[in-house]
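Here's the structure we're looking at; comments come further down.
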Amino acid sequence: MQNSQPKSSRRSFFSGAATVGAAAAAVVALPHVAPSDAVVSEPARVAPEKGGGYHLSARVKQYYKTTQL
């Protein structure tokens with residue numbers, strides 16, 4: 001006689017239990033992660049009256065570094 005119940009159901013049960021356990025652990029751990037205040041933005045600059053608004057910002061310096069050969 002053949003088994004009417006496949007053995008994969010036990011495997012899928014333990015796989016599902018492990019997934020639920022990992023998800024529960026992630027939910028418990030994530031609220032305790034503090035947001036990073038390391039991002040420092042440059043202060044807003046006032047637009048010049050006679051044009052000439054180009055300035056060498058950190059973003060422009062980074063771009064120039066990437067273009068060097």
Side-chain angles (χ1 to χ4, degrees):
M1 274 177 102
Q2 292 183 347
N3 290 338
S4 61
Q5 193 175 22
K7 291 186 178 185
S8 65
S9 65
R10 182 183 294 170
R11 183 180 298 163
S12 64
F13 170 76
F14 285 116
S15 175
T19 303
V20 169
V27 167
V28 169
L30 285 179
H32 300 291
V33 175
S36 176
D37 293 335
V39 178
V40 178
S41 61
E42 294 181 10
R45 296 181 182 232
V46 179
E49 294 178 12
K50 297 183 180 181
Y54 176 81
H55 61 278
L56 191 60
S57 66
R59 183 174 295 206
V60 174
K61 289 178 185 178
Q62 179 64 30
Y63 172 74
Y64 288 158
K65 287 181 183 178
T66 62
T67 60
Q68 292 177 352
L69 295 178

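These numbers come from a predicted model, not from an experiment.
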For Tyr63, side-chain hydrogen bond (donor to acceptor under 3.5 Å, both in side chains) partners two or more places apart:
none
Counterpart residues, side-chain contact (heavy atoms from CB on, under 4.5 Å), relative to Phe13 (two or more places apart):
none
Just to verify, what does Phe14 make a side-chain contact (heavy atoms from CB on, under 4.5 Å) with, not counting sequence neighbours?
Arg10
Spacing of Thr66 atom OG1 and Lys61 atom NZ [to the nearest 0.5 Å]
14.5 Å
For Val20, the other hydrophobic cluster members (4.5 Å side-chain criterion, sorted by chain and number) are none
